[in-house]
Amino acid sequence: MKAYRSAILRFATDRPPSQSAVYEEDGLLVVAPDAQGTQRVHAVGSFHELRPRFADVVLEDLSGRLIAPGFVDLHSHYPQTNVIGSPAEGLLPWLENYTFPEEKCFAELDYSTQAARFFIAEMLRNGITTTLTFATSHAISVNALFEQAQRSRIRLISGLCLMDRHAPAALLNQPSGAGRSDATEQSLLSTEALIQRWHGVGRLGYAITPRFAPTSSEAQLRGAGQLAKRYPDVWIQSHVAENQHEIAWARELFPTSRSYLATYADFGLLRQRAIYAHCIHLADEDRILLHETGAAAAVCPTSNLFLGSGFFDYVKADRAGFAYGLANDVGGGTSFSPFHTMLGAYYVGREGQSKSGLSLRPQHLWWQHTAGAARALGLAGVVGNLQVGCEADFVVLNLQATALLARKTALAKNLDELLFALIVLGDDRLVERTVIA
Ligand code: GUN
Ligand code: ZN
């Protein structure tokens, strides 16, 4: 066992997200290993109330710091670190001119391994301890990522990118070497083999990963849906309703589906543990469909602002009641920092499609990147929070990391003011330490 004395932030699960923050100014966090050796939260609360019960436990004094749950990120692309900051008119030219050329490099093991190592280190350095991320359409890129994740002990979910049409030949799924199965069939066989190799190994999870409907044939989407049914605790990740040209393309390719989102439903790809990036330009029926199927949205504000994609509508999302959480969407997104992502979400909320000028409370923004994101993944009570029983993934934030942060946080009169100061002024300098399980 080990105990930490510090200010502590966590989230109540029985209150609305905008009122869910629980803050202990002088707190004690006690962690203990479970039977598998994973450190979990054993006790948490006021230092003075808890310390007598744990008087013999080794104590690290972090007074003046803030301990908060490790961030949970719902969508990114590990092969796109080098793509950050590549401007384009919009999504489709950005994919063609910057993203697809870079992803071709991930046919190489060394390139993939080096990129995976950098990506994971950068996620952890920024305080992200759970991540759902894309690899490329090369199985090598998936194995390289999982191998590096296993070493770092980050909780990571990923999968082979399924794309059997409408992309450069070097990025399409390949037929088997022996010519026994075509590219589509082989992509599904590889997906199943990768599920068996990696899903549930330590802290790793597998996600069935059709890139987006336009780059998959009907047969590939159907096969992906069949795998999703056969492996119900495996995740699904894809993109939807990000950009008007993308939507028009998807509608043209799948004209019998009611909408772009409904295309995924028609192939059995909307269910619990299915996470769809963006979800910007949806009809109300689509939002209800997300709610009814238990699928969730990954909100990617810095990406949506950078690529000019549009604004996630928080008011309509809450009205429909579907789950959502935040994501950096590197490399459409502009930063690995959860503070930048939360600030982007604040801007997006102010400029929603319904023009409500919604002012999201800072604790709601923080919840979206921790407990809310964990709930969207079906991992509530496991990660994204510091309630008793959660895996002990947390960040130690140094409120004096910069002169401006020290000045502004000292002026905070309540929790909202403190959290806003961190969201608006924070970046990787704020994260003094990231502690994993
Ligand atoms: N839609 C299909 N692929 C991608 C991608 O790599 N990034 C983003 N932002 N949208 C996509
Ligand atoms: Zn993406």
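Position 1 is the first residue of the sequence; numbering continues from there. Everything numeric in this text was worked out from a predicted model, so none of it was measured. Numbering of ligands and ligand atoms starts at 1, following listing order. FYI, side chains are in, hydrogens and waters are out, and symmetry mates aren't considered; it's all heavy atoms of this structure.
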Do ligand 1 and T99 have nitrogen or oxygen atoms that lie under 3.5 Å from each other? no

Is it the case that more than 12 heavy atoms not belonging to H245 sit under 6.0 Å from its NE2 atom? no

What do you reckon, are the aromatic ring centroids of Y4 and F394 less than 6.0 Å apart? yes

H239 NE2 to H75 NE2 via the Zn ion (ligand 2), rounded to 10°, gives 100°

For atom CZ of R180, is the number of surrounding heavy atoms from other residues, nucleotides or ligands below 6.0 Å larger than 12? no

Evaluating non-hydrogen atoms only, which member of Q80, H239, E242 is closest to atom 2 (C) of ligand 1? H239

Proximity of Y314 and Y324 rings by center, below 6.0 Å: yes

Given NE2 of H77 on one side and OD1 of D329 on the other, what angle do they make at the Zn ion (ligand 2), to 10°? 90°

What part of Y98, side chain, backbone, both or neither, has a heavy atom within less than 4.0 angstrom of ligand 1? neither

Among all protein heavy atoms in this structure, tell me which lies nearest to atom 7 (N) of ligand 1, with the distance rounded to 0.1 Å. W94 CZ3, 3.4 Å

Within the 4.0 Å heavy-atom cut-off, what L95 brings close to ligand 1 is side chain

List the atom pairs, donor and acceptor, that lie under 3.5 Å between side-chain atoms in residues 372-385 and the rest of the protein, sequence neighbours left out.
from, atom 1, to, atom 2, distance (Å)
N385, OD1, F11, N, 2.9
N385, ND2, F11, O, 2.8

Donor-acceptor contacts, no H, no angles, side chain residues 222-229, under 3.5 Å, sequence neighbours left out:
from, atom 1, to, atom 2, distance (Å)
R222, NH2, E218, OE1, 3.4

For atom 5 (C) of ligand 1, which candidate among H77, E103, H278 holds the nearest heavy atom? H77

Which of these, R211, H75, E246, M163, has its nearest heavy atom closest to atom 6 (O) of ligand 1? R211

F134 touching ligand 1 at heavy-atom level, < 4.0 angstrom: no

With a 6.0 Å cut-off on the ring centroids, do Y264 and F254 count as close? no

